[in-house]
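Data block below; observations after.
In what follows, residues are counted from 1 in the order of the sequence shown. The figures here come from the full heavy-atom set of this structure, side chains too, leaving out hydrogens, waters and symmetry mates. Every value quoted in this text rests on a predicted model; they were computed, and no experiment measured them.
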Amino acid sequence: MILAIDCSANLCAACVYDAKAGKELGRDVLDLGKGHAEHLMGVIAAALGRAGKAYADLDAIAVSVGPGSFTGLRVGVATARGLALALKIPAIGVTTLEALTAETRQSFPGRPVLVVLDGGRGEIHAALYDEAAVPHYGPAAITPDGAVAMLAERIVLAGDAAGQIAEAAGRSFDFGPLGATADIAVYARLAAEKGPGEKPKPLYLREADAKPQAGFVLPRAR
């Protein structure tokens, strides 16, 4: 039994997934924008309640590790690792890029997928997957022109910057999901396929906007 959580974008989402049966048992999703820390445990409790499960029934925690919101990623990953430690079960990280690719391939099997997310500051967070869903490029922060240069025949675009890249390319494409993150059940399914590995950590492709102000740094005591 897997609990999946996602705070990488505007959504605060959780679902309970039966890995053996390959089906979702219950979910709760809030469209917040901000405030993931205040709502995540309530969302998890609601998902468990709808599934008729308790924390003791869980075998693993899946979590979106980004790229995405700096604060949201920290909240999600810290919660996943804390629950995993307390329950003595593994935490498994899944990137938004691989989750969006997997969701895209449900509608376009056997096609290459370019996932493009709005990284802010004029950057695109991108990853290119080939026909077998094997990573060919990225995850990386690139320019819109760099993303356009990767467009090839039969490629499917996904992510919240897909429309921007298609417009820049000046031609039509097939599109997968156009959000900043995938459906929560996709994270659970991919985590079940990946199995335990390294402890999840946020995937940051650029530095945070908020930085310490040097003028307020106290001198180190000698």
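- Judged by distance alone, with hydrogens and angles left aside, the side-chain atoms of D130 form a donor-acceptor pair with the main-chain N or O of V134 at under 3.5 Å.
- Interatomic distance, CG of D18 versus CD1 of I2, reported as 9.0 Å (0.5 Å rounding).
- Side-chain N/O atoms of Y187 and T181 include a donor and acceptor closer than 3.5 Å.
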In sequence, state the C-alpha distance, the side-chain angles, and the governing distance for T79 and I5, and then conclude on side-chain contact (heavy atoms from CB on, under 4.5 Å). CA-CA 9 Å; T79 301; I5 58 179; 4.2 Å; yes
Using the rule given for salt bridge (Lys or Arg N to Asp or Glu O under 4.0 Å), can you reason through R189 versus E103, listing the C-alpha separation, both sets of side-chain angles and the distance that settles it, and then say yes or no? CA-CA 10 Å; R189 177 170 61 83; E103 190 171 3; over 6 Å; no
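- Atom-to-atom distance recorded for Y17:OH and L190:CG is 9.0 Å, nearest 0.5 angstrom.
- In this structure, H136 NE2 and E131 CD are separated by 9.5 Å, a value rounded to the nearest 0.5 Å.
- The nearest pair of heavy atoms linking G159 to L117 is CA-CD2, 3.8 Å.
- At a threshold of 4.0 Å, the pair R111-D174 counts as salt-bridged, since one of the basic side-chain nitrogens sits closer than that to a carboxylate oxygen.
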Derivation and outcome, side-chain contact (heavy atoms from CB on, under 4.5 Å), residues L97 and L100: CA-CA 5 Å; L97 300 165; L100 282 164; 5.6 Å; no
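- In this structure, V113 and I155 have side chains that are not in contact, with every pair of non-hydrogen atoms separated by 4.5 Å or more.
- Here the straight-line distance linking atom NE2 of H125 with atom CG of L205 works out to 4.5 Å at 0.5 Å rounding.
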Under the criterion side-chain contact (heavy atoms from CB on, under 4.5 Å), I'd like the reasoning laid out for I92 against I61: C-alpha separation, chi angles, the key distance, then a yes or no. CA-CA 6 Å; I92 304 167; I61 310 290; over 6 Å; no
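- In this structure, L73 and P202 approach most closely via the heavy-atom pair CB-CB, 4.1 Å.
- Between V156 and L114 the shortest side-chain heavy-atom distance does not fall below 4.5 Å.
- Between A91 and A80, the closest heavy-atom pair is CB-O, 4.0 Å.
- Each side-chain hydrogen bond (donor to acceptor under 3.5 Å, both in side chains) pair with one or both residues in residues 142-153, not counting sequence neighbours, would appear here, but there are none.
- A salt bridge links K194 to E98: at least one charged side-chain nitrogen sits closer than 4.0 Å to a carboxylate oxygen.
- In this structure, H36 contributes its side chain and A9 its backbone to a donor-acceptor pair below 3.5 Å.
- For residues 54-69, the pairs satisfying side-chain hydrogen bond (donor to acceptor under 3.5 Å, both in side chains) are D6-S64, S8-S64, with sequence neighbours left out.
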Trace of the side-chain contact (heavy atoms from CB on, under 4.5 Å) decision for V65 with V77: CA-CA 7 Å; V65 297; V77 170; 4.1 Å; yes
Listing, residues 23-32 side-chain donor-acceptor contacts under 3.5 Å, not counting sequence neighbours, or none:
from: E24; atom 1: OE1; to: R27; atom 2: NE; distance (Å): 3.3
from: E24; atom 1: OE1; to: R27; atom 2: NH2; distance (Å): 2.7
from: E24; atom 1: OE2; to: R27; atom 2: NE; distance (Å): 2.7
from: R27; atom 1: NH1; to: D183; atom 2: OD1; distance (Å): 3.0
from: R27; atom 1: NH2; to: D183; atom 2: OD1; distance (Å): 3.3
from: R27; atom 1: NH2; to: D183; atom 2: OD2; distance (Å): 2.9
from: D28; atom 1: OD1; to: R50; atom 2: NH1; distance (Å): 2.7
from: D31; atom 1: OD1; to: N10; atom 2: ND2; distance (Å): 2.8
from: D31; atom 1: OD2; to: N10; atom 2: ND2; distance (Å): 3.4

